[in-house]
Amino acid sequence: MTDPSASVFASAPRIPADAIFALTAEYLADPSPNKVNLGQGTYRDNNGQPWVLPSVRKARQFLEEKGLLHEYLPILGLKGLRDKTAQLVFGEGYAGIASKLATSQSISGTGSLHLAGSLLKYCHTKASSSSPLPTVYIPTPTWSNHHLLFSTLGFPCSSFPYCNAATKSLDIDSYLSTLRSAPRGSIIILHACAHNPTGLDPSQAQWKEIGAVIKERGLFPLFDAAYLGFNSGDYDRDAWAVRYFVEELKVECTVSASFAKNMGLYGERVGVLIVATPSEDIALNTQSVLESLQRSEISNPPAFGAKIAETVLGDEELRGLWFEDLKTMSGRIQQMRRVLFEGLGKYSTGNWDHLIQQSGMFGFLGLSPEVVRTLKEEYHIYMAENSRVSIAGLNTGNVEYVARSIGEVLAREQN
C-alpha cells in the first residue's frame, strides 16, 4: 500500500464544511419537537413544508402528458428558456437590446456567477495576458459563496462595507466611496434585489448614484439576480436596477438569473447568464466563448427543470399563474416579517425597526454570536452565526415561540 505521506493528496487540508449546509445538518439531527430552521434560504408554506408552485405543477403535468425525452440539450441550453428569461429580465426594453445580448443556460445562479467569472477571466487574459486579473469588490456582509466562487477562479477579492452596524441600514456613503476609489476595470458584485443577508436594497435614487459612479469610473457591474419577482412579488419592480443600468446608462454587465427561489426549482438548478454588450458582433463573439467555456466545464446543462421553466414562461396562462405564485410567496414572507417584528416588540425592549425596513427572504437581526449560539443550544432555533434568518422558515405555529425565545435570551444577556 502507498505510504500516506507520499500521497498526491497529502497536502490537501481539512476544509470546514459550508456553514449553512452544516447548520441544516445539525437541525435535521436535532430530535427536539420544537426545533425551528431559520438557516437555509428555501421557501416553506405556513405548515413548514416545501411548496410546489401551482404553475410549476401544471407545467410538469403538461410535460409528462407530452412525453418526456431525456436527450442532451445544446451546449448553451434551451434557446427558448434563454430568450424568454432575457425578455423577462428586460421587459418592454428587451426588443431594443436583444441583438446585443449573449446568453447561456447555467447550473442555477451559482453556475451562472461562475460562468460569468470564467468569461471575464478569459476575455481579460486574451486582452492582456501579462496584467493581473481585476479585483472583484464584494459587499460585506454578502452571500458566503461570492468570495469562494471568484477567489477559486484566481480573482483578487476585496470586501467593502455595505451595512452600517450601528444603524442597521445601508451604508451608502461607504459604498460610493469604495466605488470612487476602485481602479478602472474592477468588477463590482451587485445584488439586484433582496440583498443577502441584510435584506437592505438601495432606493432607486441610490441606484442612480451607484450607477453614475460605476459608469464614470469604468467599473464592471456583475448582477447577482437570484430573487427577481420573489422579493416584492412584482418581477418588473425587482428588475428595475438591472434595466436601468443596461437601458438607461448603457453599460456592459452580466446578469446571473435563476429559478431556484422564484419557481421553487431548488434541486433542478435552472439558471441563465445574460451578458449585455455594446454591439451585435461582440454579443455573437461573446456567446461563442460562453459555448466553449460551457463545453469544457459541464458539456451541456440539465434539461428537466429547464423545460419546466421554459413551459411556464412560454404559456400565457401559466405565466400569469406564476406571477400570482410570486405574490403568494412574497406576501406570506412579508406577513411573517411583520408578525416577527411585532413579537420582538412585545417580548423584548430593543428597537426592531430595521427588520421591517428590510425586504425579501432574509432578515438581519443584529444579534451577537453568543445569543445565536444560545438560541440553538437551548431553544433549538437555528440561524446563521451572523443572525441572518430565513423569514420563510417562520409560520403562524412558530413565530411567537421564536420572538419570545429571542426576548428571553436578550433579557438574560442584559442582566
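Treat the numbers as computed from the prediction; the structure is a model and nothing was measured.
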[Y] backbone acceptor or donor facing [X] side chain under 3.5 Å:
| X | Y | result |
| --- | --- | --- |
| Q61 | K58 | no |
| N164 | T167 | yes |
| S181 | S177 | yes |
| R184 | L219 | no |
| D201 | S359 | no |
| N47 | Q49 | no |
| S387 | G366 | yes |
| T328 | E324 | yes |
| R332 | A392 | yes |

TODO: Tell me, please, which residues at least two apart from T140 pass side-chain contact (heavy atoms from CB on, under 4.5 Å).
DONE: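 S159.
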TODO: If a pair satisfies salt bridge (charged side-chain N to carboxylate O under 4.0 Å, His left out) and one of its residues is in residues 274-303, list it, with sequence neighbours excluded.
DONE: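 Checked against salt bridge (charged side-chain N to carboxylate O under 4.0 Å, His left out) - neighbours excluded - no pair reaches residues 274-303.
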Task: Residue pairs involving residues 23-35 (criterion salt bridge (charged side-chain N to carboxylate O under 4.0 Å, His left out); sequence neighbours excluded) - done: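 Only E26-K376 qualify under salt bridge (charged side-chain N to carboxylate O under 4.0 Å, His left out).
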Task: Qualifying side-chain hydrogen bond (donor to acceptor under 3.5 Å, both in side chains) pairs, either residue in residues 247-266, two or more places apart - done: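 Checked against side-chain hydrogen bond (donor to acceptor under 3.5 Å, both in side chains) - neighbours excluded - the pairs reaching residues 247-266 are S112-S256.
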Taking everything shown except [X] itself, do over 12 heavy atoms lie less than 6.0 Å from its [atom1]?
| X | atom1 | answer |
| --- | --- | --- |
| E370 | CD | yes |
| F323 | CZ | yes |
| E316 | CD | no |
| K168 | NZ | yes |
| Y244 | OH | yes |

Is there side-chain contact between [X] and [Y], with at least one heavy-atom pair below 4.5 Å?
| X | Y | answer |
| --- | --- | --- |
| Y137 | L179 | no |
| S169 | C163 | no |
| R269 | T110 | yes |
| F304 | H70 | no |
| I107 | I298 | yes |
| Q105 | L76 | no |
| W322 | Y235 | yes |
| T311 | L318 | yes |

Over all heavy atoms of both residues, which pair between [X] and [Y] is shortest? Give the atoms and the distance, please.
| X | Y | result |
| --- | --- | --- |
| V372 | M383 | CG1-CG, 3.7 Å |
| L367 | L410 | CD2-CD2, 4.1 Å |
| P134 | G185 | CB-O, 3.4 Å |
| V36 | G393 | CG1-O, 4.3 Å |
| P74 | N300 | O-CB, 3.6 Å |
| N231 | Q334 | O-NE2, 3.9 Å |

Please report the interatomic distance [atom1]([X]) to [atom2]([Y]), rounded to the nearest 0.5 Å.
| X | Y | atom1 | atom2 | result |
| --- | --- | --- | --- | --- |
| S232 | K327 | OG | NZ | 10.0 Å |
| T103 | I274 | OG1 | CD1 | 7.5 Å |
| T198 | N386 | OG1 | CG | 10.0 Å |

Kindly list each side-chain donor-acceptor pair under 3.5 angstrom involving residues 343-357, sequence neighbours excluded, with atom names and distances?
residue : atom : partner : partner atom : Å
Y347    : OH   : E400    : OE2          : 2.4
S348    : OG   : L344    : O            : 2.6
S348    : OG   : W352    : NE1          : 2.8
N351    : OD1  : D353    : N            : 2.8
H354    : NE2  : L365    : O            : 3.1

- [ ] Apply the test side-chain contact (heavy atoms from CB on, under 4.5 Å) to residues Y227 and D238: give CA-CA distance (whole Å), side-chain angles for both, the deciding distance (0.1 Å), then the verdict.
- [x] CA-CA 8 Å; Y227 296 93; D238 290 349; over 6 Å; no
Task: ring pair (Phe, Tyr, Trp, His ring centres under 6.0 Å): pairs with one or both residues in residues 166-190, sequence neighbours excluded - done: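 Applying ring pair (Phe, Tyr, Trp, His ring centres under 6.0 Å) to every pair that reaches into residues 166-190, excluding sequence neighbours, yields F160-Y175, Y162-Y175.
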Pairing residues for [X] by the salt bridge (Lys or Arg N to Asp or Glu O under 4.0 Å) criterion, not counting sequence neighbours:
| X | answer |
| --- | --- |
| D83 | K79 |
| E342 | none |
| D236 | R243 |

Task: ring-ring contact (aromatic ring centres under 6.0 Å, His included) partners of F155, counting only residues at least two apart - done: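 ring-ring contact (aromatic ring centres under 6.0 Å, His included) list for F155, sorted by chain: empty.
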Task: Y382: ring-ring contact (aromatic ring centres under 6.0 Å, His included) partners, not counting sequence neighbours - done: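 With sequence neighbours excluded, Y382 shows a ring-ring contact (aromatic ring centres under 6.0 Å, His included) to Y27, given in chain and number order.
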Open item on the list: If we count only N and O atoms by modelled type, under 3.5 Å, do the side chains of R44 and T42 hold a donor and an acceptor together?
Closed with: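 Result is yes, a qualifying pair exists.
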- [ ] Begin from the C-alpha positions of D325 and S55 and carry the test side chain to side chain donor-acceptor pair (under 3.5 Å) through to its verdict.
- [x] CA-CA 7 Å; D325 294 339; S55 57; 2.7 Å; yes
Task: Parallel, tilted or perpendicular, as decided by the 30° and 60° cut-offs, for the rings of Y379 and Y401 - done: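 Ring orientation of Y401 relative to Y379: tilted.
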Open item on the list: Does L313 form a side-chain contact (heavy atoms from CB on, under 4.5 Å) with M263? I'd like the steps, not just the answer.
Closed with: CA-CA 11 Å; L313 297 181; M263 279 193 190; 4.0 Å; yes
TODO: Before giving the answer on side-chain contact (heavy atoms from CB on, under 4.5 Å), spell out for N395 and D45 the whole-Å C-alpha distance, their side-chain angles and the decisive distance to 0.1 Å.
DONE: CA-CA 8 Å; N395 54 62; D45 64 18; over 6 Å; no
- [ ] Measure from NZ or CZ of R388 to the centre of the six-membered ring of F364 and say whether it is under 6.0 Å with the direction within 45° of the ring axis.
- [x]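 Checked: cation-pi criterion not met.
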Task: salt bridge (Lys or Arg N to Asp or Glu O under 4.0 Å) evaluation trace for K307 with E310 - done: CA-CA 5 Å; K307 290 177 180 178; E310 180 189 41; over 6 Å; no
- [ ] Using the test side chain to side chain donor-acceptor pair (under 3.5 Å), find all partners of T142 that sit at least two apart in sequence or belong to another chain.
- [x]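 Side chain to side chain donor-acceptor pair (under 3.5 Å) check on T142 returns H146, H191.
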Task: Verdict with reasoning, L293 to V289, per side-chain contact (heavy atoms from CB on, under 4.5 Å) - done: CA-CA 6 Å; L293 292 170; V289 174; 3.8 Å; yes
